[in-house]
Amino acid sequence: MTTVKKRSTFAELVARKDKMLSPIFSQDWPNLPVVKAQGIYLYGLDGKRYMDFMAAFGAVNVGHNHPKVIAAAKEQMEKQIHGAVGVTLHESVLRLAEMLPAILPGALDMFFFGNSGAEAVEGCIKLARNVTGRPGIIAFTGGFHGRTYGAATLTASKSSYRLGLEPFLGSVYHTPYADTYHSAHPDDPAKCVAETMRALQTLLDRIIAPSQVAAIIVEPIQGEGGYVAPPKEFLRQLRETCTKNNILLIFDEVQSGFGRTGEWFAGQLFGLEPDIMAIAKGIASGFPLGAVCAKQELMSRWTPTVHGTTFGGNPISCAAAIATIDTIRDEGLLENAKKMGAYLLSRLQDLKKKYPVIGDVRGVGLMIGIEFIVPGTDREPNSNAAKKVLNELLSRGVLMYPCGMRGQVIRVAPPLNVTRAQVDEAIKALDQSLATL
Ligand SMILES: Cc1ncc(COP(=O)(O)O)c(C=O)c1O
C-alpha cells in the first residue's frame with residue numbers, strides 16, 4: 001500500500017515559495033497570500049481584508065468573482081470546457097465576435113482570439129507584416145506591450161524589461177511618446193506634440209522609409225510606462241501620418257480598454273479609429289483571453305496557416321467575456337468609472353497640494369497615476385517614496401502597484417464598480433501613508 005504524504009498547508013507552501021517559484025514571481029511585490037477574492041476585496045491568509053486598487057493589473061474591471069461572470073462560466077463549463085476554434089466551433093466565441101463591434105471604436109468587426117495581451121500584440125504585428133509585406137514596426141518609448149519576444153521588442157517602458165534579451169526582433173524602431181509631464185515642455189502640450197512628431201518624421205526621413213513600415217503601435221494611454229495620457233493632437237497627427245503613408249495604426253488597448261477610462265476603449269476618448277487593435281485583460285474578468293481586432297477588409301487578407309492557437313477563444317473565457325460586457329452595460333460601469341474617476345482625481349489633487357513629494361496626479365476615468373518626485377528638484381523621480389507609500393498602504397489594507405520608468409508612479413486602478421465610500425477609505429489610507437514619509 002502506498003503511503004499518502006500529508007499535503008502542506010497554504011502557510012507552509014508560502015514559506016517555501018522562494019524555492020519553488022521563479023524569482024520572476026517570488027521577487028515581485030508584495031506576494032500577498034490570498035484565500036478568497038470578491039468584488040474589490042481580497043481576503044488574505046493573514047485574516048485581513050484588502051481593497052484591490054489595481055484590479056489584478058486591470059483584468060477584473062467588474063471586480064473579482066462577479067456572480068454573473070461565475071454563472072456564465074459555470075454554465076459553459078458544464079457544456080464544454082475546451083474546443084480548438086477552427087477544428088470545431090462553439091457558440092460563445094461566435095456570440096462574442098458578434099457583440100464586440102458594438103463596443104469597439106470605428107468599424108473593427110473581425111477577430112482572432114488568443115490567451116493574453118502579449119499574444120494579442122504578437123498577432124497584431126504578424127497581421128500587419130503579413131498583409132503589408134513590409135518589415136518595419138514603430139513603437140514608442142514608455143510603451144509596454146508584453147513579455148513574449150515580439151512584444152518585448154516593442155516594449156520600451158523600462159530597460160530592465162529588455163535586459164539580457166538581445167537580439168530582439170528585427171526592423172523595430174522606437175520614437176518618443178508625447179509625454180508632456182516628462183518632456184522639456186511640461187506646461188506646453190502643443191510644443192511637446194510638435195517635438196514628438198518631429199522625431200517621428202526624422203525617423204521616417206532618415207532611418208526607415210514610410211514604404212517599409214508595416215505599422216505604428218501605440219498605447220492611446222500608456223499604462224506600465226507611468227499612466228500617461230498624451231494630448232489628443234498627438235494621436236490625431238499619428239492617425240494622419242499613418243493614413244498618408246499607408247502605415248497601419250495599431251492601438252494596444254490591453255490595459256486602457258474595457259471601460260477603464262470611462263469609455264469602452266481609450267481611443268474613443270480621442271474619437272480615433274485604429275486599423276488594428278489588441279485587447280485582453282478586462283475582456284473576460286480574469287479568464288485568459290485576448291483578441292486581435294481589425295476590419296474585415298484587412299483581417300480577411302491574413303494568410304491562413306501563418307498564425308494559430310490551441311486555447312485561444314476558449315469557450316469558458318468567451319462566455320465570461322460576454323457576461324463581462326453585459327455586466328459593464330447593465331450596471332452602468334462606464335458612467336461609474338467616469339464619476340468615481342473624477343472624484344478620485346479631485347481627492348488626489350488635494351493630496352498633491354498637501355504633499356510636495358507628489359509631483360503630478362493625472363489620469364482619465366479609473367486609470368490614474370500619482371507621480372512621486374524628490375521635493376525641490378525638477379521632477380526627479382522618487383521611487384523610494386512610492387515604495388514606502390505602497391508598503392504603508394498595504395499595511396492599511398489597500399493594494400496599489402507601481403509603474404513608470406523607475407517605479408516612481410503609483411497606479412490607482414480599482415474595479416469600475418468601486419464606491420464613493422471605498423474611494424474615501426483608500427484616500428484616507430493614502431493620506432495617512434503619505435504622512436509617514
Ligand atoms: C498595454 C499592454 N499591452 C500588453 C500587455 C501584456 O499583456 P499580458 O500580460 O496579458 O500578456 C500589457 C500587460 O500589462 C499591457 O499593459
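Counting starts at 1 for both ligands and their atoms, in listed order.
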Which bit of [X] gets closer than 4.0 Å to ligand 1, counting heavy atoms only: side chain, backbone, both or neither?
{"X": "Ala280", "result": "neither"}
{"X": "Phe144", "result": "both"}
{"X": "Glu219", "result": "side chain"}
{"X": "Lys281", "result": "side chain"}

Quiz prompt | Test applied, side-chain contact (heavy atoms from CB on, under 4.5 Å); reference residue, Val254; option that passes from Met277, His145, Lys281, Glu219 | solution =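 Of the listed options, the one satisfying the test is Lys281.
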
Practice problem: Inspect the surroundings of CZ in Arg347 and state if more than 12 heavy atoms from other residues, nucleotides or ligands are less than 6.0 Å away. | Solution: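 Yes - once you tally the heavy atoms of other residues, nucleotides and ligands closer than 6.0 Å, there are more than 12.
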
Self-check item: Over 12 foreign heavy atoms within 6.0 Å of CZ, Phe25
Solution: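 For Phe25, atom CZ is not crowded (no more than 12 foreign heavy atoms under 6.0 Å).
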
Say whether [X], considering both its backbone and side-chain N or O atoms, lies within less than 3.5 Å of an N or O atom on ligand 1.
{"X": "Ala118", "answer": "yes"}
{"X": "Gly117", "answer": "yes"}
{"X": "Glu224", "answer": "no"}

Quiz prompt | Distance, nearest 0.5 Å, that separates CG of Asn336 from CD1 of Ile328 | solution =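 If I round to the nearest 0.5 Å, the distance is 11.5 Å.
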
Practice problem: Mind checking the OH-CG spacing from Tyr343 to Leu348? Nearest 0.5 Å is all I need. | Solution: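 Tyr343 atom OH to Leu348 atom CG measures 10.5 Å (nearest 0.5 Å).
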
Quiz item: Is the closest protein non-hydrogen atom to atom 9 (O) of ligand 1 under 4.0 Å?
Solution: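 Under the 4.0 Å cut-off, atom 9 (O) of ligand 1 has no protein heavy-atom neighbours at all.
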
Quiz prompt | Sidechain N-carboxylate O distance under 4.0 Å for Glu224, Arg411 | solution =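 The answer is yes: the pair qualifies as a salt bridge.
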
Practice problem: Could you tell me whether Arg362 sits above the aromatic face of Tyr227, with NZ or CZ closer than 6.0 angstrom to the six-membered ring centre and within 45 degrees of the axis? | Solution: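 Pair Arg362/Tyr227 does not count as cation-pi.
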
Quiz item: Which residue supplies the protein heavy atom nearest to atom 16 (O) of ligand 1, what is that atom called, and how far is it?
Solution: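 Protein heavy atom with the smallest distance to atom 16 (O) of ligand 1: Gln255 NE2, 2.8 Å.
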
Exercise. Considering heavy atoms of the protein only, find what lies nearest to atom 5 (C) of ligand 1 and give residue, atom and distance to 0.1 Å.
Key: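 Looking at atom 5 (C) of ligand 1, the protein heavy atom closest to it is Val254 CG1, 3.7 Å.
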
Self-check item: Close-contact set for ligand 1 against Asp252 heavy atoms, below 4.0 Å
Solution: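 That gives atoms 1 (C), 2 (C), 3 (N), 4 (C) of ligand 1.
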
Exercise. May I ask you to decide if the ring planes of Phe258 and Phe265 are parallel, tilted or perpendicular, using 30° and 60° as cut-offs?
Key: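 The arrangement is perpendicular - the two ring planes meet at more than 60°.
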
